[in-house]
Amino acid sequence: MTAQAPANTVVVLDFETTGLSPTQGDRAIEIGAVLLENGQATARFQELMNPGFRISSFIEDYTGITNAMLQEAAPCDEVMERFYQFVGQHNMVAHNASFDQRFLEAEFDQIGRRLNGDFACSMLLSRRLFQDAPNHKLGSLVAYNNIDNDGVFHRALADSEMTAKLWLCLLEQLEQHYSLINPSFALMQQISRKSKANVASFLHKIA
DNA sequence: TGCCAGGCCCTCTTTAGGGCCTT
């Protein structure tokens, strides 16, 4: 999908992983995703995946995903091939997208696949559009925007659901405060690259 | 032995340092 595609049609995704860096040998252990089409959640994806080695007790505690659960899960390659089919040509959104993009590219490399769409980051957008939020962690932004949630954090589908709702809040903020209706994905990327000080004047100019 | 990410962004900046985010 091109960057000129509407921002309200995207795949919002989240990884749980064995650590912070695929270049240090970390692997994905769960992926969750929500397909938004015209601002509506029309499909969901969630699978655990077996990285082929035991995960640390820290990650077990952090995610609630145990080594016993992963022993019964399909290997990463199988899950990522199914996810490749799910994501198709869509653009993607994640919270702190550079993290999820690194893992997605690393896992796709393992199966000889490449990204088809572009990434946008709900954290960078939130830093520009929710400047009064206490901080820009996903959980804090969910509370700041009174987003419905079931209290589950650090699981892939739950976090991708909340990120999808946060993404819709960002679109609503643009509509309510700057009369920007149905912006393109490319414009969202452009806003995320503006400085905090300049973003308001930029948005007023193009509104 | 000890350490181990990477990108963004602010400021006491740009010949740098450190906090924020993600697991």
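Naming convention: chains lettered A, B, ... in sequence-line order (proteins, then strands); numbering from 1 in each chain.
Whole-Å rounding puts the A:M123 CE to B:dC21 P distance at 7 Å. Regarding A:R127, its CZ atom lies at a distance of 14 Å from the P atom of B:dG7, rounded to whole Å. Here the P atom of nucleotide B:dT23 and the CG atom of A:L104 are 15 Å apart, to the nearest Å. The separation between A:L141 atom CG and B:dT22 atom C1' is 13 Å, rounded to whole Å. Between A:D100 atom CG and B:dA5 atom P the separation is 18 Å, expressed in whole Å. Atom C1' of nucleotide B:dT23 and atom NZ of A:K137 are separated by 13 Å, given to the nearest angstrom. Between the P atom of B:dT22 and the CG atom of A:D14 lies a distance of 9 Å, rounded to the nearest Å. Between the P atom of B:dT23 and the CD atom of A:Q101 lies a distance of 16 Å, rounded to the nearest Å.
Between A:H136 and B:dC20, a side-chain N or O to OP1/OP2 separation shorter than 4.0 Å is absent. Residue A:T23 places at least one side-chain N or O under 4.0 Å from the OP1 or OP2 atom of B:dG6. At the phosphate of B:dT23, OP1 or OP2 sits under 4.0 Å from a side-chain N or O atom of A:H154.
Here the nucleotide nearest the side chain of A:H95, chosen from B:dC10, B:dC21, B:dA5, is B:dC21. Closest approach to the A:Y62 side chain among B:dC21, B:dT23, B:dG7 is made by B:dT23 (side chain taken as heavy atoms from C-beta onward). Here B:dT22 is the nucleotide among B:dT22, B:dT23, B:dA5 with the atom lying nearest to any side-chain atom of A:L138.
Contact annotation for A:F103: no contact, since no heavy-atom pair falls under 4.0 Å across all strands. Residue A:D159 is classed as a sugar-phosphate contact, given heavy-atom separations below 4.0 Å to backbone atoms only. When heavy atoms are screened at a 4.0 angstrom cut-off, A:E16 is found touching the sugar-phosphate backbone but no base atom. Among the heavy atoms of the strands, none lies under 4.0 Å from A:I29. Across all strands, A:N135 comes closer than 4.0 Å only to sugar-phosphate atoms, never to a base (heavy-atom distances). Counting non-hydrogen atoms under 4.0 angstrom, A:S56 reaches nothing in the nucleic acid.
The shortest side-chain heavy-atom distance between A:F108 and A:R114 does not fall under the 4.5 Å cut-off.
Comparing the same atom, P, in B:dT14 and in B:dT1 gives a spacing of 39 Å after rounding to whole Å. Remark: the separation of the P atoms in B:dG2 and B:dG6 is 23 Å, to the nearest Å. B:dT15 and B:dC21: their P atoms are spaced 27 Å apart (whole Å). Using P as the reference atom, B:dG18 and B:dC4 are 14 Å apart when rounded to the nearest Å. Nucleotides B:dA5 and B:dT23, compared at atom C1', are 11 Å apart to the nearest Å. Between B:dG17 and B:dT13, the distance separating the two C1' atoms is 9 Å to the nearest Å. Taking atom P on both nucleotides, B:dC20 is separated from B:dC12 by 16 Å, rounded to a whole Å.
Within a 6.0 Å sphere centred on NZ of A:K137, other residues, nucleotides and ligands contribute 12 heavy atoms or fewer.
The aromatic rings of A:F86 and A:F45 sit tilted relative to each other, their planes meeting at an angle between 30° and 60°. Between A:F15 and A:F103, the ring planes are tilted. Angles from 30° to 60° get that label.
Judged by distance alone, the side chains of A:D77 and A:Q110 never bring a donor and an acceptor atom under 3.5 Å apart.
Once rounded to the nearest 0.5 Å, the distance linking CZ of A:F185 with NE2 of A:H90 reads 11.5 Å.
A salt bridge is absent between A:E107 and A:R113; no separation between the charged side-chain nitrogens and carboxylate oxygens falls under 4.0 Å.
When each of A:F15 and A:S98 is assigned the nucleotide of DNA chain B bearing its nearest heavy atom, the one mapping closer to the 5' terminus is A:S98.
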